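Worksheet: the structure to be examined is printed underneath.
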Amino acid sequence: MRAGNSITVETFALAADRAQLIIRGAFDSIGLRHADGTQVEPAVATRVDLPVRSRLGKVASPNGDHLAAVEFAGLREFTSYSVVVNGTQHTSITTLNRPAGRLIATVATISDLHVGQRRNGRLPRVHVLAETGPVDHHAGHSMACLRAAVTEINEWNPDLVLVKGDIAHTNIAEEYDLAFGALGQLTVPLLATAGNHDGGDYQGANFTAEADRLGHTTPQVHIHDLGSWRIVVADTVIAGKRHGTLTNTGEAILQACREWHGPCLVALHHQLMRRPIPHYVPTGIPSAEAEPFLRRLLAVNPRVLVTSGHTHRHRARHHGSVVVTEVGSTKDYPGTWAGYELYEGGVIQTVRRIADPEALMWNERTRQSALGIWGWWAPGTLADRCFTHSW
């Protein structure tokens, strides 16, 4: 929302007790105000100064040269607050409601790490640049974003982390060394699957062998139970192809959900496409496979959330009572990871923007890709990123 002549306030993430705001423009103070007069100060505030001139790989912020990620904690469930910047109300937020029953577990997901990538996007293509000295392209922006995401996830302290593919960018051993080295800093268990950059249209190292060498077993289908919830992580990669398939794992996913009497969280790399003719890229699992799969999934277990990566964008939809989401990449705009709060009666999805200064500045540079369309296309809406779903 535009507020005044120089400050833009965006509600990026919501949970039942937390909120993350993105502020563009300079400000001296920010806080939340409840109707009863209670004031809430930021728990965390990260500010960066953006480049003020456009040049190769560096683009100016469209709304000023200051950017901040501000997080508030300890908020009341399903409650409205005014956002007060420099003493003036600019907008308002409403926290999410919690589903019925007990909180069973929490799960974080990250995807599309692309460790080893040297540049991002097109029109303009944003390059990794060094202010002084050479750049190590294998430990550049993608690694900075991954390390920052790992730090934030550790602070949130979930019960499990899921990595939904495209771990390496060019599918070479060195990239897996770097990626799994960073992922090894997670303080909770990890389940990972491949993406098309891990042996689909990017052919090189054997993903399964590399993951095994680094201490991570990657079967075609992982099943991990957390209390009354079942977690299913499945491989959708076709060797030599960019798009995905459920040919090898679809029946196992359905069986895992059919035999479980509680809700399920299913994680894939490729998105489940809705239309026979693709209207955006990259293509995922064709609708001829995806739609019958969703119909069967709904029939065997109506309490399922399916989440994917691959598109680097954020979207949410429903197939009956089955929830289907896409969550973006750690390493390009807006630069995110997702948290899932799993309750007896439903789920909360909260997608957070990575707030580390180096990651925040890099991901903001990629905002102008595709003639600026990426900055609009990738984030989706707040409802795509953050919601409560009850069964």
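No experiment lies behind these values; they were computed from the predicted model shown.
- You'll find the ring centres of Trp156 and Trp337 inside the 6.0 Å limit.
- With Glu77 contributing its side chain and Thr95 its backbone, the two residues share no donor-acceptor pair below 3.5 Å.
- Trp374 and Thr366 make their closest contact through CD1-O, 3.8 Å (heavy atoms, listed as atom of the first residue, atom of the second, distance).
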Would you please test Glu341 and Arg98 for salt bridge (charged side-chain N to carboxylate O under 4.0 Å, His left out) and show each step? CA-CA 9 Å; Glu341 299 175 54; Arg98 292 185 174 92; 5.0 Å; no
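- Across every non-hydrogen atom of Asp112 and Ser329, the tightest pair is O-OG, 2.7 Å.
- Residue His318 qualifies as enclosed at atom NE2: its count of foreign heavy atoms under 6.0 Å is above 12.
- Here the closest non-hydrogen pair linking Val347 and Trp391 is CG1-CH2, 4.1 Å.
- Side chain to side chain, Ser92 and Ser80 fail the donor-acceptor criterion of an N or O pair below 3.5 Å.
- Defined by atom type and a distance below 3.5 Å, a donor-acceptor pair is missing between the side-chain atoms of Gln255 and Glu251.
- At distances below 3.5 Å, not a single donor-acceptor pair connects side-chain atoms of Thr151 with backbone N or O atoms of Ala149.
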Steps toward side chain to side chain contact (heavy atoms under 4.5 Å, CB included) verdict (Val266, Ile253): CA-CA 8 Å; Val266 176; Ile253 297 169; 4.1 Å; yes
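- Thr307 and Thr325 form a side-chain donor-acceptor contact under 3.5 Å, judged by distance and modelled atom types alone.
- The structure places CG of Leu272 at 5.0 Å from CD1 of Ile285, a figure rounded to the nearest 0.5 Å.
- To the nearest 0.5 angstrom, Leu183 atom CG is 10.0 Å from Leu214 atom CG.
- Using a 3.5 Å distance cut-off with no hydrogens or angles, the side chains of Tyr176 and Glu174 do not pair a donor with an acceptor.
- Environment of CZ in Arg122: sparse, with no more than 12 heavy atoms of neighbouring residues, nucleotides or ligands closer than 6.0 Å.
- A pairwise comparison of heavy atoms in Gly101 and Tyr343 identifies O-CD2, 3.7 Å as the closest pair.
- Gln117 and His141 share a donor-acceptor pair across their side chains, judged by distance under 3.5 Å alone.
- Shown here for Asn363 and Pro334, the closest heavy-atom pair between the two residues is CB-O, 3.8 Å.
- Identified under the ring-ring contact (aromatic ring centres under 6.0 Å, His included) test for residues 14-38, with sequence neighbours left out: His34-Tyr81.
- Exactly one residue among His279, His319, Arg317 makes a side-chain contact (heavy atoms from CB on, under 4.5 Å) with Arg274. That residue is Arg317.
- Of the possible polar contacts, one joining the Glu175 side chain to the Thr170 backbone as a donor-acceptor pair under 3.5 Å is found.
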When you look at Leu162 and Ile231, which way does the side chain to side chain contact (heavy atoms under 4.5 Å, CB included) test go after all the steps? CA-CA 9 Å; Leu162 312 179; Ile231 313 301; 3.8 Å; yes
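- Note: the hydrophobic cluster containing Ile354 also contains Val115 (ILVMFWY, side chain heavy atoms under 4.5 Å, direct or indirect links).
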Working for side chain to side chain contact (heavy atoms under 4.5 Å, CB included), residues Arg213 and Asp177: CA-CA 9 Å; Arg213 174 176 67 84; Asp177 288 337; 2.8 Å; yes
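- The side-chain heavy atoms of Thr350 and Tyr340, taken from C-beta on, include no pair separated by under 4.5 Å.
- Under 3.5 Å, the side chains of Tyr333 and Asn120 contain no donor-acceptor pair of N or O atoms.
- In this structure, Asp225 and Trp260 have side chains that are in contact, with non-hydrogen atoms separated by less than 4.5 Å.
- Hydrophobic clustering (side-chain heavy atoms under 4.5 Å, transitive across Ile, Leu, Val, Met, Phe, Trp, Tyr) keeps Val304 apart from Val327.
- Side-chain polar atoms of Glu326 and Thr311 form a donor-acceptor pair below 3.5 angstrom.
- For the pair Gln271 (side chain) and Ser308 (backbone), a donor-acceptor distance under 3.5 Å is absent.
- With no hydrogens or angles considered, a side-chain donor-acceptor pair links Asp36 and Thr38 at under 3.5 Å.
- Side-chain contact between Val150 and Arg147 is absent, with no heavy-atom pair separated by less than 4.5 Å.
- Residues Val300 and Leu268 share a single hydrophobic cluster, defined by chaining ILVMFWY side chains whose heavy atoms lie under 4.5 Å apart.
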Please assess Glu364 against Arg353 for the test salt bridge (charged side-chain N to carboxylate O under 4.0 Å, His left out), listing each intermediate value before the final yes or no. CA-CA 11 Å; Glu364 193 66 18; Arg353 189 165 181 189; 2.7 Å; yes
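- Scanning both residues, Val188 and Asp159, for their nearest heavy atoms gives CB-O, 4.1 Å.
- Residues Asp356 and Thr46 form no side-chain contact, since every pair of their non-hydrogen atoms from C-beta on lies 4.5 Å or further apart.
- With sequence neighbours left out, Thr283 forms a side chain to side chain donor-acceptor pair (under 3.5 Å) with no residue at all.
- With Trp377 as the aromatic partner, Arg315 meets the cation-pi criteria of under 6.0 angstrom to the ring centre and within 45 degrees of the ring axis.
- The same ILVMFWY cluster, assembled from side-chain heavy atoms under 4.5 Å apart, contains both Ile30 and Val40.
- No side-chain heavy atom of Ile23 sits less than 4.5 Å from a side-chain heavy atom of Thr8.
- At most 12 non-hydrogen atoms from other residues, nucleotides or ligands lie less than 6.0 angstrom from CD of Glu358.
- In this structure, Arg313 forms a cation-pi arrangement with Tyr280, its terminal cationic atom sitting closer than 6.0 Å to the ring centre and no more than 45° off the ring axis.
- His269 places a side-chain N or O within donor-acceptor distance of the main-chain N or O of Lys164, the cut-off being under 3.5 Å.
- With 3.5 Å as the limit, one finds no donor-acceptor pair spanning the side chains of Thr193 and Asp235.
- Not one N or O on the side chain of Arg125 forms a donor-acceptor pair closer than 3.5 Å with the backbone of Arg119.
- Not counting sequence neighbours, the partners of His312 by the ring-ring contact (aromatic ring centres under 6.0 Å, His included) test are His114.
- Clustering ILVMFWY residues whenever any of their side-chain heavy atoms sit less than 4.5 angstrom apart, transitively, puts Leu32 in a cluster other than the one holding Val84.
- For Asp201 and Asn196, the side-chain atoms include at least one donor-acceptor pair closer than 3.5 Å.
- In this structure the side chain of Pro286 never reaches within 4.5 angstrom of the side chain of Met273, judged on heavy atoms.
- Ile153 places a side-chain heavy atom less than 4.5 Å from the side chain of Pro158.
- When only modelled atom types and interatomic distance are considered, Thr336 and His314 share a side-chain donor-acceptor pair under 3.5 Å.
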Checking Thr106 against Leu342 for the side chain to side chain contact (heavy atoms under 4.5 Å, CB included) test, could you report, in this order, the C-alpha distance in whole Å, the side-chain angles of both residues, the deciding distance, and whether it holds? CA-CA 6 Å; Thr106 54; Leu342 311 180; over 6 Å; no
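- You'll find the side chain of Leu14 stays beyond 4.5 Å of the side chain of Thr94, heavy atoms only.
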